[in-house]
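In what follows, chains carry the letters A, B, and so on, assigned in the order in which the sequence lines appear, proteins first and then strands, with residues in each chain numbered from 1.
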Number of protein chains: 2
Amino acid sequence: MIISHNLKMYVQKLRSSNLRPTKQRLKICQFLFDRKKTFHFTVEALNKKINKNVATKVSLATIYNTVEAFTNAGYLKEILTSKNKSYYDTNIKSHHHFYDEGSKELTDIHYSQIKLSRVPVPPKGKKIKNLEVVIRIQK
Amino acid sequence: MIISHNLKMYVQKLRSSNLRPTKQRLKICQFLFDRKKTFHFTVEALNKKINKNVATKVSLATIYNTVEAFTNAGYLKEILTSKNKSYYDTNIKSHHHFYDEGSKELTDIHYSQIKLSRVPVPPKGKKIKNLEVVIRIQK
DNA sequence: TTCTAGTTTAGAATTATTATAAACTAAGTA
DNA sequence: TACTTAGTTTATAATAATTCTAAACTAGAA
Ligand SMILES: [Mn+2]
Ligand SMILES: [Mn+2]
Ligand SMILES: [Zn+2]
Ligand SMILES: [Zn+2]
């Protein structure tokens, strides 16, 4: 068994967000963040991957709780693009996506790859919270 | 009871899409399309409004069936922006939206109000199906 | 070691949506 | 007009994603 170099970092990270570094949360941290590329996922998919070929499973409720906690703590970003299912993204920087309607997969588009040269003013009293573009693609 | 000027038009419209002009479909057509401004709605909201203070209700299943049929026929556009709930739009032209996270309401942004001066090329073998921007706003 | 607030868990509940199948009806034909 | 039937409506069941509940467990402070 390979111990993540980053384990201590995750412990600190969790503590700094007032989240106890439990076995389950650390396992999910390692799975989500011990990687170089952005990871996009649904809770269903994460649950399958986390619990594939393991002796002690993390419960689905904990996967949901943890993804929500990590999103609130700013470790993950929620992407609303699909009917009836939330996607999450380990890339928390502001950026855009391709959403493939066939494979139902998200791909990053770097923020600088889309130039919005004209953006409307929001209604009175309202502020823009988020301006990230999802480009739907298909074969 | 005021008879919609457009009733005959709706009958034709439905027939041209191979949809029988039933009482229920015509009632829903009048409710959705006898108006000047774009109407954005969820099925839940439409169901409430259609069945408010009426003797004979349209069943929820029919509301779902009809909204799906109208979307397939191109009378409505589906807007995926909210968690776990689909929105529909009587404005079928390509256009953008503000989505108010507080009131959970959509507002149109005319297509010309957002200028995308740089758009990335889709992955090989994939085509852009849709490029409509949702700007999330809040107080 | 003890204590407790925070966490995990199985399972129930909820919400949005889709499927099922019986009753009904639009509309073509005799 | 009556007959016929494919299409439609409807109540209800089923499904899928998510959230809630409450009991058991545990991290970490004292
Ligand atoms: Mn759903
Ligand atoms: Mn849901
Ligand atoms: Zn991303
Ligand atoms: Zn609109």
Side-chain angles (χ1 to χ4, degrees), chain A residues 7-8 10-29 31 40-51 54-73 75-76 78-88 104, chain B residues 7-8 10-31 40-51 54-73 75-76 78-88 104 106:
Chain A
L7 245 188
K8 282 179 190 163
Y10 296 140
V11 171
Q12 288 186 322
K13 187 172 176 166
L14 288 165
R15 286 230 174 84
S16 78
S17 309
N18 286 309
L19 296 171
R20 288 190 184 168
T22 62
K23 288 193 293 299
Q24 293 87 344
R25 285 174 177 163
L26 288 170
K27 188 188 274 188
I28 295 172
C29 272
F31 182 83
H40 300 100
F41 62 95
T42 61
V43 170
E44 185 199 16
L46 179 62
N47 183 50
K48 277 187 188 150
K49 290 186 176 176
I50 286 280
N51 291 316
V54 290
T56 53
K57 295 193 172 187
V58 178
S59 77
L60 180 60
T62 296
I63 305 271
Y64 270 104
N65 290 341
T66 303
V67 166
E68 195 191 12
F70 285 9
T71 303
N72 291 336
Y75 309 167
L76 292 173
E78 193 175 8
I79 313 283
L80 300 175
T81 185
S82 174
K83 195 167 181 163
N84 298 328
K85 205 181 262 194
S86 283
Y87 280 71
Y88 296 86
K104 297 181 187 309
Chain B
L7 245 188
K8 282 180 189 162
Y10 297 139
V11 171
Q12 288 187 323
K13 187 173 176 166
L14 288 165
R15 286 230 173 83
S16 77
S17 310
N18 286 308
L19 296 171
R20 286 191 184 167
T22 62
K23 286 193 295 301
Q24 293 86 343
R25 285 174 177 162
L26 288 170
K27 187 188 276 188
I28 294 171
C29 271
Q30 291 180 73
F31 182 83
H40 300 101
F41 62 96
T42 62
V43 170
E44 185 199 15
L46 179 62
N47 183 49
K48 277 187 190 150
K49 289 186 174 175
I50 286 281
N51 291 316
V54 291
T56 52
K57 295 194 173 188
V58 178
S59 76
L60 180 59
T62 296
I63 306 271
Y64 270 105
N65 290 341
T66 303
V67 167
E68 195 191 13
F70 285 9
T71 303
N72 292 336
Y75 309 167
L76 291 173
E78 193 176 8
I79 314 282
L80 301 175
T81 185
S82 173
K83 193 165 183 165
N84 299 327
K85 205 180 261 193
S86 282
Y87 279 70
Y88 295 87
K104 297 179 186 310
L106 288 165

Inset, instruction - From the options dT17(C), dT18(D), dT9(C), select the nucleotide whose nearest atom is closest to the side chain of V43(B). - result: dT17(C)

Legend entry - d(CD1, I63(A); P, dA10(C)) in whole Å: 11 Å

Would you tabulate the nitrogen or oxygen pairs shorter than 3.5 Å linking the protein to nucleotides 12-14 of chain C?
none

Legend entry - Nucleotide dG11(C), atom C1' - distance to CG of L60(A) in whole Å: 11 Å

Inset, instruction - Using a 4.0 Å heavy-atom cut-off across all strands, classify T42(A) as base, sugar-phosphate, or nothing. - result: nothing

Legend entry - Separation of dA16(D) C1' from N47(A) CG (nearest whole Å): 14 Å

Legend entry - S86(B) side chain near dT17(C) phosphate (N/O to OP1/OP2, under 4.0 Å): yes

Legend entry - Selected nucleotide, minimal atom distance to T22(B) side chain, candidates dT18(C), dT8(D), dT18(D): dT8(D)

Inset, instruction - With the side chain counted from C-beta on, respond yes when L80(B) and S86(B) share a heavy-atom pair under 4.5 Å apart, and no when they do not. - result: yes

Inset, instruction - Would you confirm whether Y87(A), through its side chain, and K104(A), through its main-chain N or O, come within 3.5 Å as a donor-acceptor pair? - result: yes

Legend entry - Donor-acceptor contact present, side-chain R25(A) to main-chain R20(A), <3.5 Å: yes

Might you list the N or O atoms of the protein lying below 3.5 Å from N or O atoms in nucleotides 27-30 of chain C, with each pair's distance?
| unit_1 | atom_1 | unit_2 | atom_2 | d |
| --- | --- | --- | --- | --- |
| dA27(C) | OP1 | R15(B) | NE | 3.2 |
| dA27(C) | OP1 | R15(B) | NH2 | 3.0 |
| dA27(C) | OP2 | R15(B) | NH2 | 3.2 |

Legend entry - Between CZ on residue F70(B) and SG on residue C29(B), distance to nearest 0.5 Å: 3.5 Å

Legend entry - Pairwise distance NZ(K27(A)) to OG1(T62(A)) - rounded to 0.5 angstrom: 11.0 Å

Inset, instruction - Return the value, rounded to whole Å, for the distance between atom NZ of K57(A) and atom P of dT9(C). - result: 12 Å

Inset, instruction - Check every atom of dT17(C), dT9(C), dT9(D) against the side chain of K83(A) and return the nucleotide holding the closest atom. - result: dT17(C)

Legend entry - Side-chain N,O (R25(B)) to OP1/OP2 (dT9(D)) below 4.0 Å: yes

Inset, instruction - Look only at the side chain of R15(B) and the backbone of P21(B), and say whether a donor-acceptor pair between them is shorter than 3.5 Å. - result: no

Inset, instruction - Please answer whether the main-chain N or O of K13(A) pairs with a side-chain N or O of Y75(A) as donor and acceptor at a distance below 3.5 Å. - result: yes

Inset, instruction - Measure the distance from CD on E68(A) to C1' on dT18(D) and round it to the nearest whole Å. - result: 10 Å

Inset, instruction - Would you tell me if any nitrogen or oxygen in the side chain of Q24(A) comes within less than 4.0 Å of OP1 or OP2 on dT9(C)? - result: yes

Legend entry - Contact under 4.0 Å: Y64(B) side-chain N or O vs dT17(C) OP1/OP2: yes

Legend entry - Nearest-0.5 Å distance that lies between atom CD1 in I50(B) and atom NZ in K57(B): 12.5 Å

Inset, instruction - May I have the distance from L80(B) (atom CG) to dA17(D) (atom P), rounded to whole angstrom? - result: 15 Å

Inset, instruction - Run through Y88(B), F41(B), Y64(B) and flag the one making a side chain to side chain contact (heavy atoms under 4.5 Å, CB included) with L46(B). - result: F41(B)

Legend entry - Which nucleotide in dA16(C), dT25(C), dA11(D) has an atom nearest any side-chain atom of A61(B): dA11(D)

Inset, instruction - Specify the separation, in whole Å, of atom CG of L14(B) and atom P of dT8(D). - result: 10 Å

Legend entry - Out of dA17(D), dA10(C), dT17(C), whichever nucleotide has its closest atom nearest the side chain of S59(A): dA10(C)

Legend entry - Protein-nucleotide distance (N72(B), atom CG; dT8(D), atom P), rounded to Å: 12 Å

Inset, instruction - For residues V58(B) and N51(B), determine if any side-chain heavy atom of one lies less than 4.5 Å from a side-chain heavy atom of the other. - result: yes

